[in-house]
Colleague: 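Encoded as structure tokens, here's the structure I'll be asking about.
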Amino acid sequence: MISESDRDDARLIWEFHRMGHEPKRCSVAVGLGSHDLGVAEVVADFYLRGLAPLIVFTGATSRTTVDRMPRGEAEHYKERAVELGVPASRVLVEPDARNTGENLRFTRQLLSDAEVKVTSLLLVSKPYEERRAYATARQEWPDVEIVSASTPISYDEYARSIGDERLVIDMLVGALQRLLVYPEQGFMIHQDVPESVRAAYKRLVKAGYTTRLLPS
């Protein structure tokens, strides 16, 4: 059973992970690969609304996607975007990245090789990865404007859509741990984490939501 206090802490961390950026027209829309095809759907919507003239989907496979997306996350994302009306010619695929840093580095190189001038990124991730994606992009690509976005959905709606609320809380906790420890390792920029969010994180770790934590 998930207690209401655990759920309240999860909602607090969920809201912190969201950046609150207003989507706007950018040089390119970048969809970060994962198990969540909703990322591709958001990117497709942005393209069809005229918010980006070009799309990059980036991602290989992981242990959680290899069965569902055997051709690679980026390829499956592209297929979904084309289904939704995006011309295939406006989608570039980066098929090798296996973490967020590689997503950004490999995408930057891909666009450079294609001689695409980039001054801003409309960066799309899972909802609880917005802040991590932003912080990583600022580290890897500091000279461009980053607009971080995701599916507009509440914590409760997302948990219902996944069908495993405990897993969602585990993922929220793991994402926050990375915001705390990755800056000192050079993987992302530092961001202030409010004490209330840190306290919620500590309570959830103590309560056992630890499957997505990095090893000590």
Colleague: Whether the side chain of Arg80 engages the backbone of His76 through a donor-acceptor N/O pair (distance < 3.5 Å, no angle test) should be reported.
Modeller: no

Colleague: Going through the checks in order, is the side chain to side chain donor-acceptor pair (under 3.5 Å) test met by Ser150 and Glu130?
Modeller: CA-CA 7 Å; Ser150 66; Glu130 273 192 29; 2.6 Å; yes

Colleague: Measure the spacing between CG of Asp96 and OG1 of Thr61 and express it to the nearest 0.5 Å.
Modeller: 10.5 Å

Colleague: Between Arg166 and Asp6, is the closest basic N to carboxylate O distance under 4.0 Å?
Modeller: no

Colleague: Quick one: CG on Asn103 to OG1 on Thr107, what's the gap to the nearest 0.5 Å?
Modeller: 6.0 Å

Colleague: Could you walk me through whether Thr58 and Glu94 pass side chain to side chain donor-acceptor pair (under 3.5 Å), step by step?
Modeller: CA-CA 5 Å; Thr58 168; Glu94 185 294 296; 2.5 Å; yes

Colleague: Any salt bridge linking Lys126 with Asp36? Criterion: basic side-chain nitrogen under 4.0 Å from a carboxylate oxygen.
Modeller: no

Colleague: Rounded to the nearest 0.5 Å, what separation is found between the CG atom of Leu122 and the CD atom of Glu145?
Modeller: 10.0 Å

Colleague: What residues, two or more places apart in sequence or in another chain, satisfy ring-ring contact (aromatic ring centres under 6.0 Å, His included) together with Phe187?
Modeller: Tyr182

Colleague: Starting at CZ of Arg131, measure out to OG of Ser125 and round the result to the nearest 0.5 Å.
Modeller: 11.5 Å

Colleague: Any sub-3.5 Å donor-acceptor pair from Ser112's side-chain atoms to Gln109's backbone N or O?
Modeller: no

Colleague: Hey, could you give me the NZ/CG distance between Lys206 and Asp9, rounded to the nearest 0.5 Å?
Modeller: 12.5 Å

Colleague: Taking the inter-plane angle between the rings of Tyr77 and Phe57 on a 0 to 90° scale, is it parallel (under 30°), tilted (30 to 60°) or perpendicular (over 60°)?
Modeller: perpendicular

Colleague: Would you mind listing the cluster partners of Ile189? Hydrophobic ones only (ILVMFWY), side-chain contacts under 4.5 Å, chaining allowed.
Modeller: Met19, Val28, Val30, Leu32, Leu54, Val56, Leu92, Leu104, Leu110, Leu111, Val116, Val118, Leu121, Leu123, Tyr134, Trp141, Val144, Ile146

Colleague: Counting heavy atoms not belonging to Asp192, are there more than 12 under 6.0 Å from its CG?
Modeller: no

Colleague: Using side-chain hydrogen bond (donor to acceptor under 3.5 Å, both in side chains) as the criterion, list what pairs up with Glu165, not counting sequence neighbours.
Modeller: Arg7, Tyr155

